[in-house]
Amino acid sequence: MHQLYLHNTLSGRKELFKPLDEHRVTVYVCGPTVYNYVHIGNGRPGVVFDVLVRLLRKLYPRVIYARNITDIDDKINAAALANRESIQALADRYTQAYNTDMAYLGVTEPDITPRATHHITEMIDMISQLIDNGHAYANDGHVMFDVPSDPHYGSLSGRSLQDMIDGARVEIAPYKKDPKDFVLWKPSTAEQPGWESPWGIGRPGWHIECSAMIRKHLGRTIDIHGGGSDLTFPHHENEAAQSRCANHSTEYVRYWIHNNMLTMGQEKMSKSVGNVQTINALAKQYSGEVLRYALLSGQYRSSLAWSQDLVAQAQASLASLYQALRDNPATLDEPLDFSQTSIEAFPKTVVSPLLDDLNTPEALAAMHELAAELQKAVNPEAVQRARTALRAGGWLLGLLNTDPDAYFTAGGSQSLSNSEIDDLIEARNIARQNKDFARGDQIRDLLAAAGIELEDLREGTRWRRS
RNA sequence: GGCUGGGUGGCAGAGUGGUUAUGCAGCGGACUGCAACUCCGUGUACACCGGUUCGACUCCGGUCUCAGCCUCCA
């Protein structure tokens, strides 16, 4: 039996994962607010939870994975205003861009991608229930969640109400009964997007969308809720409080999983700091798998130092895995899609670290061991066995999805074409046969200058773009 | 100030009470006309100070230090 252990923010420790219903495992991850291109830091939860879901699907017959799109937000309003375009057009454009970026990183599409604007009714219903339950109050067009009414408030982020009073920077507003109360609904002006509600034309607060969409699509208690560690407080704390109170349930999320941040130098990569690298921009220089490898090179709960060096190392590391596949071609037809393959058929050395709180660095280390085995395989059976193991492990991590030859020769449209390269290689080999090594080296230098590296093998000359 | 989590070799990054993960980079060798690819070999580590222990990088205490959250944020 394969047992999955996950670090649960709720308990602060690693726990054995046991879903509420083995036949219906529910996962929700906080997606982006769509007002701009997302940065590579936003890509981390996308990739991490993609690996988790791939693994869960091997362990359980049915997994329902939802990742939301936040398309109501004051930053969206501001960006649309600045661009002089409609809020919806802007949100749609960046939703599209986000989907493109995630696909580039090899992230499998979630089963459900709920959008906040499509769930206003559900949010209003939930807010009404909170008012009826005595956990929320309407005041001056606002509806506020009554934090002191929730006895469990603070249980997720591990802070007491007293902790929060110390040095609190919460906004004190006249419509709040308690400074910690947070907004469920707020009034909109004519320029702001607004919806009819029992409290006037307005729009929802930040946290309520997740609560309402989870209840609608996944249920009152879900197994896993993921997101960045910077969402733990206040977002997830508030979300959990309102869901517990609205659902009359003590258990909202069984396992809270939070990924740590990417850093630039010593500091967190963050839009507000401005030290971000968008996936869109990185995609012009690096393949999606390289970026994905770089993201997986650190365990998700550790911060990861993002740098050009890191990506370069990821590129070289990934190339060595592909090189093993390229050096040892398949001896028979092999599958590339392992989505239907049973967990037993995957290499244990890759699966075991993943079952232990998604230890992707150790899983990648195992991948390199498998690549070394492949390089040293002495007969066709051993080659095929090692290849299959490497491919399967790669599938679980979302890597090695490309044909190795294509991986090394793709791209570089602005330099030499493949046929030009082939012609030059042929000319060089003729020169070499005639012992005209000066001419041969001249051609090799010419190709090197164009970013083409040659590898003379027994079977012939092979090339790759550097 | 409160709450979290860290400090590992040139870089990234796992892990373990006693056999120097892994990758990238470096160095030596084999292969090669020379290279590249590949293979073989190889060096540099566990912030600091105490304690527990036959033995600690790993456990405990303290010090210094870094980051995250407490405001939007993946």
Side-chain angles (χ1 to χ4, degrees), chain A residues 7 9 12 29-33 35 38-49 73-75 154 157-160 162-171 180 206 226-235 237 258-263 265-273 276 293-294 296-307 309-321 323-324 326-328 353 356 359-369 371-372 375-376 408 432 435-438 440-441 444-445 448 452-458 461-464 466:
Chain A
H7 179 95
T9 307
V29 172
C30 282
T33 302
Y35 66 96
V38 296
H39 56 75
I40 190 68
N42 298 283
R44 173 122 97 151
V47 168
V48 163
F49 291 105
D73 180 271
D74 286 350
K75 283 183 179 166
S157 57
R159 36 190 109 192
S160 65
Q162 186 58 47
D163 288 342
M164 286 179 261
I165 289 163
D166 300 332
R169 279 190 275 173
V170 287
E171 185 192 359
K180 290 179 296 298
W206 177 28
S229 62
D230 54 354
L231 297 180
T232 310
F233 190 91
H235 179 51
E237 191 69 71
H258 289 104
N259 64 275
N260 211 138
M261 304 290 102
L262 251 47
T263 60
Q266 285 281 304
E267 203 176 12
K268 174 187 169 185
M269 183 186 288
S270 158
K271 279 180 201 163
S272 43
V273 178
V276 300
Y293 189 107
L296 293 175
S297 69
Q299 204 267 354
Y300 77 93
R301 288 199 299 118
S302 302
S303 62
L304 179 66
W306 189 264
S307 68
D309 235 30
L310 179 77
V311 191
Q313 289 177 15
Q315 190 163 37
S317 299
L318 182 63
S320 82
L321 297 180
Q323 195 78 248
R326 198 184 196 194
D327 287 347
N328 304 276
D356 184 13
N359 192 337
T360 51
E362 207 170 305
L364 288 174
M367 289 291 286
H368 285 281
E369 306 268 354
Q375 290 286 25
K376 287 176 229 168
F408 286 111
R432 291 170 69 216
K435 306 283 179 199
D436 185 359
F437 295 120
D441 290 350
R444 186 172 63 199
D445 291 346
I452 308 299
E453 285 179 19
L454 299 186
E455 296 170 10
D456 292 325
L457 306 179
R458 205 168 298 169
T461 301
R462 189 170 76 178
W463 62 274
R464 59 187 283 191
S466 57

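Just so it is clear, the structure is predicted and the values come from calculations on it, not from any experiment. Letters go in sequence order (proteins before strands), and every chain restarts at 1.
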Short heteroatom pairs, N/O only, protein and nucleotides 8-13 of chain B, under 3.5 Å:
{"unit_1": "C11(B)", "atom_1": "O2'", "unit_2": "D309(A)", "atom_2": "OD2", "d": "3.4"}
{"unit_1": "C11(B)", "atom_1": "O2'", "unit_2": "Q313(A)", "atom_2": "NE2", "d": "3.4"}
{"unit_1": "C11(B)", "atom_1": "O2", "unit_2": "Q313(A)", "atom_2": "OE1", "d": "3.2"}
{"unit_1": "C11(B)", "atom_1": "O2", "unit_2": "Q313(A)", "atom_2": "NE2", "d": "2.9"}
{"unit_1": "G13(B)", "atom_1": "OP1", "unit_2": "A305(A)", "atom_2": "N", "d": "3.3"}

- Indicate the ring-plane relationship of Y293(A) and H368(A), choosing parallel, tilted or perpendicular according to the 30° and 60° boundaries. perpendicular
- Between K75(A) and A372(A), whichever has its closest RNA chain B nucleotide further toward 5' is A372(A)
- Item | Whether E237(A) side chain and G154(A) backbone form a donor-acceptor pair below 3.5 Å | yes
- Task: Using a cut-off of strictly less than 4.0 Å, decide whether N260(A) has a side-chain nitrogen or oxygen near OP1 or OP2 of A67(B).
- Result: no
- Rounded to whole Å, the NZ-P distance (K180(A) to C3(B)) equals 16 Å
- Item | P234(A) side chain, from C-beta outward: closest of C72(B), U22(B), A14(B) | C72(B)
- Message: Over all strands shown, is N359(A) touching base, sugar-phosphate only, or nothing at heavy-atom distances under 4.0 angstrom?
- Response: sugar-phosphate
- Item | Nucleotide of A74(B), G68(B), C72(B) approaching P45(A) most closely (side-chain heavy atoms) | A74(B)
- Contact state string [nucleotides 30-37 of chain B, B base, S sugar-phosphate only, - no protein heavy atom under 4.0 Å]: ---BBBBB
- Quantified in whole Å, what is the P atom distance between nucleotide C39(B) and nucleotide C24(B)? 9 Å
- Using the P atom in both, what is the distance from A21(B) to C27(B), to the nearest Å? 22 Å
- With sequence neighbours left out, write down each residue that passes ring pair (Phe, Tyr, Trp, His ring centres under 6.0 Å) with H235(A), or none if nothing qualifies. W206(A), H207(A)
- Query: So what does S320(A) touch, heavy atoms closer than 4.0 Å: a base, only the sugar-phosphate, or nothing?
  - Reply: sugar-phosphate
- Distance, rounded to the nearest Å, where L262(A) contributes CG and G68(B) contributes P: 13 Å
- Item | D230(A)/K268(A) under side chain to side chain contact (heavy atoms under 4.5 Å, CB included): CA gap, chis, key distance, verdict | CA-CA 10 Å; D230(A) 54 354; K268(A) 174 187 169 185; 3.2 Å; yes
- In whole Å, what separates the P atom of A12(B) from that of U52(B)? 36 Å
- Message: For the C1' atoms, the ones on C59(B) and on G15(B), what distance do you get once it is rounded to whole angstrom?
- Response: 16 Å
- Item | Phosphate contact (A74(B) OP1 or OP2) by K268(A) side-chain N/O below 4.0 Å | no
- Looking across every strand, which nucleic acid part, if any, lies under 4.0 Å from S157(A) by heavy atom: base, sugar-phosphate, or nothing? sugar-phosphate
- Message: Between U19(B) and C57(B), how many Å separate the two C1' atoms, rounded to a whole number?
- Response: 15 Å
- Note on the structure: Judged by nearest nucleotide, the residue sitting upstream toward the 5' end of RNA chain B, T263(A) or S272(A), is T263(A)
- Starting at CE of M261(A) and ending at P of C70(B), how long is that distance when rounded to a whole Å? 11 Å
- Item | Pairwise P distance, C66(B) and G61(B) [rounded to whole Å] | 22 Å
- Rounded to the Å, how far apart are Y300(A) OH and G5(B) P? 13 Å
- Message: What is the separation between atom CZ on F233(A) and atom P on A74(B), rounded to the nearest whole Å?
- Response: 17 Å
- Item | Atom pair OG (S229(A)) and CZ (R44(A)), whose distance is rounded to the nearest 0.5 Å | 8.5 Å
- Query: To the nearest angstrom, how far is L231(A) atom CG from C69(B) atom P?
  - Reply: 10 Å
- Task: Indicate whether OP1 or OP2 belonging to C40(B) is found under 4.0 Å from a side-chain N or O atom of K376(A).
- Result: yes
- Message: Using whole Å, what does the distance between atom P of nucleotide A74(B) and atom NE2 of H235(A) come to?
- Response: 10 Å
- Assess whether side chain to side chain contact (heavy atoms under 4.5 Å, CB included) is satisfied between N260(A) and Q299(A), documenting all intermediate values. CA-CA 9 Å; N260(A) 211 138; Q299(A) 204 267 354; over 6 Å; no
- Item | Rounded distance in Å between the C1' positions of G10(B) and C49(B) | 28 Å
- What nucleic acid atoms does M269(A) come within less than 4.0 Å of, heavy atoms only: base, sugar-phosphate, or nothing? base
- Query: If the P atom of A56(B) is compared with that of A47(B), how far apart are they to the nearest Å?
  - Reply: 15 Å
- Working for side chain to side chain contact (heavy atoms under 4.5 Å, CB included), residues H39(A) and L262(A): CA-CA 10 Å; H39(A) 56 75; L262(A) 251 47; over 6 Å; no
- Message: Once pairs are restricted to Watson-Crick or G-U wobble with both distances under 3.5 Å, how does RNA chain B read as a dot-bracket string, [ ] for crossings and | for other-strand pairs?
- Response: (((((((..(((.....[...))).(((((.......)))))....(((((..]....))))))))))))....
- Item | Side chain T263(A), main chain Q266(A), donor-acceptor under 3.5 Å | no
- Item | H7(A) side, atom NE2; N259(A) side, atom CG - distance, nearest 0.5 Å | 12.0 Å
- Message: So H39(A), base contact, sugar-phosphate only, or nothing? Heavy-atom distance under 4.0 Å.
- Response: base
- Item | side chain to side chain contact (heavy atoms under 4.5 Å, CB included) between T33(A) and K271(A), worked out | CA-CA 12 Å; T33(A) 302; K271(A) 279 180 201 163; over 6 Å; no
- Of the listed A74(B), G68(B), U22(B), the closest approach to the E267(A) side chain comes from G68(B)
- Query: Listed by chain and number, what are the side chain to side chain donor-acceptor pair (under 3.5 Å) partners of E455(A), not counting sequence neighbours?
  - Reply: R462(A)
- Item | Euclidean distance, R301(A) CZ relative to T9(A) OG1, rounded to 0.5 Å | 8.5 Å
- Task: Grab the CD-C1' distance between E369(A) and G15(B) for me, whole Å please.
- Result: 14 Å
- Query: Any side-chain heavy-atom pair from T461(A) and R444(A) closer than 4.5 angstrom?
  - Reply: no
- Query: Mind checking what makes side chain to side chain donor-acceptor pair (under 3.5 Å) contact with R159(A), not counting sequence neighbours?
  - Reply: S157(A)
